[in-house]
Each structure stands twice: as C-alpha cells, then as structure tokens.
*Asks:* 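Pasting in a structure now, in structure tokens, and then I'll have a few things to ask.
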Amino acid sequence: MEELARGFFPELFNRSGNKGSGGSSYSPIVLPLDGRREEPARRKAADSDKRVGNEPLSKIRADFPILSEMVDGKPLVWFDNAATTQKPKQVIDRLTTYYERENSNVHRGAHALAARSTDAYEASRAKAADFIGAADPDEIVFVRGTTEGINLVAQSYVKPMLKPSDEIILTYLEHHANIVPWQMIAQETGALIRVAPVDDAGQIILPEFHKLLSSRTKFASLAHVSNALGTITPVEELISAVHSFGAAVLIDGAQSAAHMPINVSAMDADFFVFSGHKLYGPTGIGVVYGKQALLEAAKPYQGGGNMISDVTFGRTLYHNPPAKFEAGTGNIADAAGMGAAIDYVKRIGMQNIEAYEHELLEYGTRELSKIPGLRLIGTASRKASVMSFVIEGHSIEEIGSRLSEAGIAVRAGHHCAQPILRRFGLEGTVRPSIAFYNTFEEIDSMLRILRQLV
Ligand code: PLP
C-alpha cells in the first residue's frame, strides 16, 4: 500500500516542493496520505456540508439538473467526465436565451439581432482567452472541439512546412485525436512521427523525450493530461525543451482545461486546444489558442464566407486570424454556452476545483487499491480526474455493466487511446473519471459494487 502511495503521491514522502506543470502561478497540491485524514464514514456524513471554494457542494449539484436523474430506479452517478461533462442550468439557460432573444448570424447584416449575436460570440472569445491566459482574444479560434482543433493546426500550420524526414514528436500518452491527424500529414509529406515512451507509472521518461529532439524536430503535439491514465505531464519542461530546437508545440488540453488553472502564456505553449463539452459547456464548440505570429503564418484549410476580406474569380484576400480560420457560419449559440460554462467554473475557482477533485481522486485511488485483484493503470505522481483499473478474473465489460446496473456511469473500453493501454498489455480498462460535482459518497457506492463483485 505504501508502495502504491509512494508511486502516486511521492511528494508526500519527499516534500521537496517539486513544481508541476500547467501554469506557473500556483503550487501543486500536497495532501496528507498518512492515516490522519477523516475516515470514510465521517467524511460521508459530511458530504452535504462540503464546499468547493466558497460554494456548497449541495448548491453546485442542484445547478446540474441531470444529477437528479434516476437510472433504473437508482440515482445517477456520473463518473464518465473524461468523456463529457454534465451541464449546469446556467449553460442550458444561456442557450435558451440565445435562441429566444439573440439568434442571428454574426458579423453580417446591420440589424439589432446581428449585433446581439456578434456580442455574444465575441464575448465568449474574450472569456476563453482570459480563461487560459491568452494575450489577446484574436488568438482564439472557435472550432468544433479538440479533434478539429488538432486537425486545423496539423493542416494549416504544420503540413505546409514539412519536408521528407522532418520529425513530429508525440508521447505514448496521446489520444487518437492527437495521433491520427499527424499520421495523415506525415504520410502526405514523408515526415516521420517519433514517440516518447512512458515508465510503468505512466509518466513520460524525460531523458528519452530529450533524446528524441534534434534539428529534424519540426513540431511536437503533447497531452497535458492523459485521458486513459490521468497523468499530468510536465508541459513547461517539455515545451522549453522543444523550443530549444526551434520547433513549436501544441498542447492537447482536452483533459486539463476542466481540472486545473491553465495559463498558456506562462507555459509558453504555441498552440493549446480544448473542447467546450469537457468543460461543462455544450458539444460542438471548442478552442484553438495560437500565438498570433503563428496563426498569421498558418494557411487556412477551409475556405468560404466569413474568412475573406475580398474575393474575385482570380484570387481571395483573407481576413486576419481568427476569422481566417472560421469559414462559414460558426457555432454561435454553443460558443455563448461555452462562455457561460467558463463564467461558472471561474466563479467557483479553478484552484478550488483542482483542490477538491484532488481529495476525491486521492480517496478513490487509495480505496480502490485495497480491492483484492484490482490493478490501477496509471500511478503517476501528478494526476487529474482519472482512475483507470482492471480486476483480475473480471472483464471490463462485466465491471462496467455491474456499475451501470447500480446507476454508476463509467467508461469501459480503450478510451480512444490504444497505444498507451497496449503499453500496459491491455486492450481496455474501466475508467471512472471525476468532476467537482462528484462526492465521496458516490465513490463509496462504486466501491461497494466492486467489493461485492470480487
Ligand atoms: N484529446 C484528449 C486527451 C481527449 O481525452 C479527447 C477526448 O476524449 C480528445 C482529444 C478529443 O476531444 P473531442 O472528442 O472533444 O474532440
């Protein structure tokens, strides 16, 4: 047990104040894991008095209508937050208000509703910029989500500069969305993909990462948090290493943006992408942050209305970024919805969210590790949200459906991250993933089912 704790929270054993990734203005959270903490029963009783920052957990949960749903007569427990998060009524109401009072196309038409929808759209761009510490809202391009964002950067910025034998650096932790777009452009250009390995805890082996870098390195695209293991990667160190070879870096923030403060300027990311739906916002909207000079250098990969300043049959003049990358009618309503989601989490405070989720993760991990035959997959020293596991003698499908019968939604499968699971000799895991509206009591109900199973 101590072995596991040492692997998972080494700072508890060695309080050297090891600085982590993800923005420089806050310290990693260090929580005691030494038996001095409240016992589960006491904590369970206290769930209703819990607060996330200043906000009572009961009030937070009441904001999310779906958390009151019953599934086959049992209260829904939503532990599939890495796939998508539930939406507070502030977000749902924002969508209704948009369609009831503001709906219009943006940037066109000189009428009152065009002004309202443009205001809503651009206000959300400014909120997204502020949320991730971008220098200017014009560095924010709206896309459908992380997947589209990575494809945009691959096609618009990276592909045009690639020559045969140039190299793109990934890590073993990547989601398929951060593998396939790079393979596609590598195949077209003759470039090569190099992959940094991870250790048995699921942490990037830094000396191996450094060894991959050379004058052939043209770009790196790296997960901030692994969706399959929960590993938080040391993005600042990785970015600065890649920069020292003159190459740019994209950080895949799909699994980090909802769980920790993000500051793209402090981490010096060249591109940062995330999805609104994993941040309590609507589906179909997400963000590419790009440094202004890089967005200016990139070629648009879709053409159409909105992105042009002048068109003749002979040539087209493009708008400046971000409009250059937003051909056609954008997802205006959902951008407004994402703005409301950002307002919501900012009010609670990302550091408060991070601290509370860390307590849940620490508790869940410790209790899961006591279940006979259960193997945790991903025991990095810094983790967020995800507790992947398998149990000897039980298929992941069986575990997933036993939990589902109890109203507990977890993902059982490959999580669109086959290479990292195969690194651990697996084709799938059971993956509960938590958010700040989850409770210790919900973790206890999952543990009860698992104990009955084994
Ligand atoms: N990258 C990571 C790390 C993810 O976890 C996901 C989704 O699970 C994606 C990219 C793709 O996100 P989306 O499906 O919202 O485009």
Side-chain angles (χ1 to χ4, degrees), residues 21-22 78-87 91 128 132 141-155 168 170-184 195-196 198 202-204 220-233 235 238 249-260 262 269 271-289 331 334-335 337-338 341 357 377-378 380 382-388 409-421 423 428-435:
S21 62
W78 187 253
F79 279 159
D80 199 10
N81 294 291
T84 199
T85 50
Q86 301 302 348
K87 320 305 171 197
V91 169
I132 60 170
V141 180
F142 285 132
V143 285
R144 274 192 301 138
T146 304
T147 304
E148 189 173 71
I150 296 171
N151 278 278
L152 186 156
V153 176
Q155 296 291 334
I168 300 165
L170 308 178
T171 77
Y172 250 84
L173 295 172
E174 308 311 329
H175 185 281
H176 297 165
N178 200 22
I179 300 173
V180 184
W182 306 111
Q183 281 175 344
M184 290 165 69
V195 185
V198 298
Q203 305 170 122
I204 298 169
S221 193
L222 313 169
H224 195 181
V225 173
S226 153
N227 71 310
L229 309 186
T231 309
I232 302 175
T233 64
V235 281
L238 302 177
V249 185
L250 178 149
I251 298 298
D252 173 355
Q255 296 295 344
S256 62
H259 300 293
M260 60 188 69
I262 301 290
F271 296 98
F272 185 95
V273 291
F274 68 90
S275 301
H277 73 99
K278 293 186 198 284
L279 181 63
Y280 314 100
T283 52
I285 187 76
V287 158
V288 172
Y289 156 81
N331 190 349
D334 292 321
M338 185 173 68
E357 289 183 1
I377 308 299
R382 295 201 66 223
K383 284 187 61 173
S385 178
V386 170
M387 296 175 274
S388 251
V410 299
R411 190 53 73 90
H414 62 51
H415 321 306
C416 299
Q418 287 176 315
I420 187 60
L421 293 186
R423 158 68 179 75
T429 64
V430 181
R431 185 194 64 178
S433 51
I434 51 172

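Counting convention: from 1, in listed order, for ligands and their atoms alike. Hydrogens, waters and symmetry mates play no part in the numbers below; they use all other heavy atoms, side chains included.
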*Asks:* Hey, does the side chain of Thr231 reach the backbone of Ala380 with a donor-acceptor pair shorter than 3.5 angstrom?
*Replies:* no
*Asks:* Is there side-chain contact between Gln255 and His175, with at least one heavy-atom pair below 4.5 Å?
*Replies:* no
*Asks:* Testing the 3.5 Å rule here: is there a donor-acceptor pair between the side chains of Ser275 and Thr146?
*Replies:*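 There is such a pair (donor and acceptor under 3.5 Å, judged by atom type) between the side chains of Ser275 and Thr146.
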*Asks:* Angle between ring planes, Phe272 versus His224, binned at 30° and 60°: parallel, tilted or perpendicular?
*Replies:*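 Rings of Phe272 and His224: perpendicular, as their planes differ by over 60°.
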*Asks:* Taking the side chain as everything from C-beta on, heavy atoms only, tell me whether Leu222 gets closer than 4.5 Å to Thr233.
*Replies:*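 Not in contact.
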*Asks:* Run through all N or O atoms in ligand 1 and write down each protein N or O closer than 3.5 Å, as a pair with its distance.
*Replies:*
unit_1: ligand 1; atom_1: 1 (N); unit_2: Asp252; atom_2: OD1; d: 3.3
unit_1: ligand 1; atom_1: 1 (N); unit_2: Asp252; atom_2: OD2; d: 2.6
unit_1: ligand 1; atom_1: 5 (O); unit_2: Gln255; atom_2: NE2; d: 2.7
unit_1: ligand 1; atom_1: 8 (O); unit_2: His175; atom_2: NE2; d: 3.3
unit_1: ligand 1; atom_1: 8 (O); unit_2: Lys278; atom_2: NZ; d: 2.6
unit_1: ligand 1; atom_1: 15 (O); unit_2: Ser275; atom_2: OG; d: 2.7
unit_1: ligand 1; atom_1: 15 (O); unit_2: His277; atom_2: NE2; d: 2.7
unit_1: ligand 1; atom_1: 16 (O); unit_2: Thr146; atom_2: N; d: 3.4
unit_1: ligand 1; atom_1: 16 (O); unit_2: Thr147; atom_2: N; d: 2.9
unit_1: ligand 1; atom_1: 16 (O); unit_2: Thr147; atom_2: OG1; d: 2.6

*Asks:* Is any side-chain heavy atom of Phe274 closer than 4.5 Å to a side-chain heavy atom of Ile262?
*Replies:* no
